[in-house]
There are 2 protein chains.
Amino acid sequence: MNRTTLTELTSQNVAEALSFAQQAMQGAGEIALRYFHQPLEVDNKLGEGSFDPVTRADREIEAYLREELSRRYPDFGIIGEEEGAVPGSVDTNWVIDPIDGTKAFISGFPTWGVLLGLQQGDRILAGLMYQPATGELFYGSAAGAFMRHKGRLVVMQTRQEASLEKALLYCTHESMFANENNLAAFRRVAEQVRLQRFGGDCYAYCMLALGQIDLVIEDTLQPYDIVPLIPIIEAAGGVITDAQGKTPVAGGFVIAAANRLLHEEVMALI
Amino acid sequence: MNRTTLTELTSQNVAEALSFAQQAMQGAGEIALRYFHQPLEVDNKLGEGSFDPVTRADREIEAYLREELSRRYPDFGIIGEEEGAVPGSVDTNWVIDPIDGTKAFISGFPTWGVLLGLQQGDRILAGLMYQPATGELFYGSAAGAFMRHKGRLVVMQTRQEASLEKALLYCTHESMFANENNLAAFRRVAEQVRLQRFGGDCYAYCMLALGQIDLVIEDTLQPYDIVPLIPIIEAAGGVITDAQGKTPVAGGFVIAAANRLLHEEVMALI
């Protein structure tokens with residue numbers, strides 16, 4: 001069996017891992033599509049009052065990816081939304097969000113995605129987002145950001161000319177902001193942009209990479225919600241940070257912008 | 001050439017028209033996909049301060065559909081978003097929204113659709129929504145509501161067991177409400193449901209028909225925004241009305257619900 005046990009990942013190793021991850025995503029997507037647009041049993045992780053649906057699809061996809069990835073990369077750790085962290089023997093982890101955007105998923109909206117990232121310490125080496133209903137696979141690494149769709153490979157690039165007054169801003173929902181201050185910061189930006197829309201989910205970050213929108217501002221993100229998207233945004237020319245301007249490996253409040261000047265305009269407002 | 005000039009449309013005639021419309025939608029979708037996920041020139045119909053993008057895709061699709069439909073049905077009138085109303089010699093009109101959800105379109109989100117309705121007086125005989133990026137065609141008439149996708153035909157049915165406290169409610173954006181009263185009415189409903197999400201566009205009405213969500217409440221809709229969706233909702237078992245409980249052929253404030261009891265619960269709140 002083909003195994004990778006290196007502690008130092010060369011760009012060649014990362015390219016191989018990214019290629020393997022793309023194959024694994026196909027299998028994950030097939031599982032997801034068995035449940036998408038079907039009636040679903042929805043559990044509620046948080047109990048009464050809050051609504052965080054977890055579906056069988058989530059659990060099956062994560063189990064599938066854990067098995068595939070640990071067979072090929074037995075030394076890597078795996079951090080997943082559903083089953084938590086399983087440390088590896090080296091400081092390299094796969095980060096899995098089996099269905100990011102579960103609320104979109106159960107509503108039948110194709111803005112959710114399977115997320116997979118490869119992280120070494122605080123460096124995110126590669127990230128993938130797969131939307132199997134549209135068939136779009138988005139991925140990024142030091143080698144660039146790409147969209148693969150129906151056999152076509154598109155090099156993704158953010159809008160380098162985007163400015164605040166012309167920006168298209170997305171956010172999944174205002175209820176995601178942790179407190180009044182963070183919500184007020186979001187609204188100060190929203191008042192300045194040309195167009196603000198909700199309901200983005202992880203698809204919004206990929207549309208930013210593809211040069212369709214210019215800003216995503218969200219809050220209370222978990223690491224697995226955002227880590228796989230960081231290399232996609234950065235390799236496409238975008239800037240993604242937390243409120244302190246650092247790479248948002250811990251999640252929380254996140255600003256993704258199409259370019260550095262736009263990011264600076266936003267940071268001045270929040 | 002095959003022409004239909006009847007003033008009285010039998011169910012057979014409607015089935016033929018619906019079949020012809022499905023073919024025409026394919027051509028419309030091909031035009032749309034030439035522009036989707038590409039950099040776009042966006043005009044602004046309303047001038048400064050407001051943002052209502054009109055793309056070349058809109059105009060080309062409407063021109064294409066007008067030509068196709070008027071060749072096959074020369075006596076029917078055509079009402080379209082871009083070119084207005086061209087009366088026919090009989091009281092039957094095609095209603096076209098070439099790209100409903102232009103803001104989603106220019107943002108790269110596949111929640112827009114090409115809308116086409118067949119209206120005789122105040123009766124909506126048939127309606128179609130086509131989302132070419134996902135390949136999903138939704139349509140409805142007295143013969144039923146269907147989703148056609150990758151060669152598969154799905155009979156659509158709304159959730160007959162849905163109630164307010166368990167409902168999933170969609171609305172494109174709160175900025176669409178015409179005044180504080182209408183917004184307050186929407187919020188009273190939003191506070192009662194299990195899950196409320198924004199960013200639905202016309203895809204939300206189709207997800208209601210498919211039994212994925214339960215409510216859509218929107219405002220300031222134009223007739224062409226909603227007329228083609230009415231038969232899809234109704235044939236799937238849903239109820240769609242204006243604030244007075246009438247079929248919303250004039251647009252405006254619209255409530256679409258998965259069943260009559262849920263619709264009554266909402267009407268009592270607004």
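Letters go in sequence order (proteins before strands), and every chain restarts at 1.
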B:Ser175, part contacting chain A, at a heavy-atom distance under 4.5 Å: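 Neither part, no heavy atoms under 4.5 Å.
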Proximity breakdown for B:Gln196 and chain A, heavy-atom pairs closer than 4.5 Å: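 For B:Gln196, heavy atoms of backbone and side chain both lie under 4.5 Å from chain A.
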So how far is it from [X] [atom1] to [Y] [atom2], rounded to the nearest 0.5 Å?
X        : Y        : atom1 : atom2 : value
B:Thr134 : A:Glu136 : OG1   : CD    : 10.0 Å
B:Leu169 : A:Ser107 : CG    : OG    : 10.0 Å
B:Arg197 : A:Asp201 : CZ    : CG    : 4.5 Å

More than 12 heavy atoms of other groups within 6.0 Å of [X] [atom1]:
X        : atom1 : answer
B:Arg260 : CZ    : no
B:Gln22  : CD    : yes
A:Glu60  : CD    : yes

Note, A:His173 side chain near B:Leu195 side chain (heavy atom, < 4.5 Å): no
Best-contacting candidate, B:Gly200, B:Gly211, B:Gly135, against chain A by heavy atom pairs under 4.5 angstrom: B:Gly200
For the student: nearest non-hydrogen atoms of A:His37 and B:Tyr203, plus distance: CE1-OH, 3.3 Å
Most contacts with chain B, counted as non-hydrogen pairs under 4.5 angstrom, among A:Thr172, A:Leu210, A:Asp214: A:Leu210
